[in-house]
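The block underneath contains the structure these notes are about, expressed in structure tokens.
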Amino acid sequence: MSKKTPSAAQPASFEEAMAELEQLVARMEAGELPLEASVAAYKRGSELVKFCTGQLDKVENQVKVLEGDMLKPFAAHSDDDAGDEADE
């Protein structure tokens with residue numbers, strides 16, 4: 001049985017995971033990898049995406065706790081919003 005290699009270790013941070021993911025994508029898009037290595041890179045990329053998603057979920061939950069009920073969905077600033085401020 002094969003054990004996880006150091007490159008398959010859990011990333012230290014979101015930024016590290018994103019950097020590794022970008023490198024994997026660049027190598028795959030450049031066609032630098034043989035088929036089996038591409039499959040392994042795809043698997044590693046999936047693990048990195050899962051890690052990043054988990055990190056983003058944690059941060060989102062922290063923001064919700066910090067903001068409480070005041071957290072609102074992001075909406076692009078429109079002319080209607082500017083008019084509402086003038087009415088106040």
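Residue indices begin at 1 and follow the sequence shown. The structure displayed is predicted, hence computed values, not measured ones.
Clustering ILVMFWY residues whenever any of their side-chain heavy atoms sit less than 4.5 angstrom apart, transitively, puts Leu24 in the very cluster that holds Val49. A continuous path of Ile, Leu, Val, Met, Phe, Trp and Tyr side chains, each step under 4.5 Å between heavy atoms, connects Tyr42 with Leu33, placing both in one hydrophobic cluster.
Lys58 is listed as a side-chain neighbour of Gln55, based on a closest heavy-atom distance under 4.5 Å.
Ala41 and Met28 make their closest contact through CB-SD, 3.8 Å (heavy atoms, listed as atom of the first residue, atom of the second, distance).
Cluster partners of Val65: none. The rule joins Ile, Leu, Val, Met, Phe, Trp and Tyr whenever side-chain heavy atoms lie under 4.5 Å apart, and it links nothing here. Residue Leu66 shares its hydrophobic cluster (ILVMFWY side chains chained together at separations under 4.5 Å) with no other residue.
Listed by chain and number, the residues in a side-chain contact (heavy atoms from CB on, under 4.5 Å) with Asn61 are Lys64 (sequence neighbours excluded).
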Would you tabulate the side-chain donor-acceptor contacts of residues 11-19 under 3.5 Å, counting partners in other chains and residues two or more places apart, or write 'none'?
residue: Ser13; atom: OG; partner: Glu16; partner atom: N; Å: 3.1
residue: Glu16; atom: OE2; partner: Ala12; partner atom: N; Å: 3.1

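Taking 4.0 Å as the cut-off between side-chain N and carboxylate O, Glu47 and Lys50 do not count as a salt-bridged pair.
Counting only residues at least two apart or on different chains, the salt bridge (Lys or Arg N to Asp or Glu O under 4.0 Å) pairs with a member in residues 28-43 are Arg27-Glu32.
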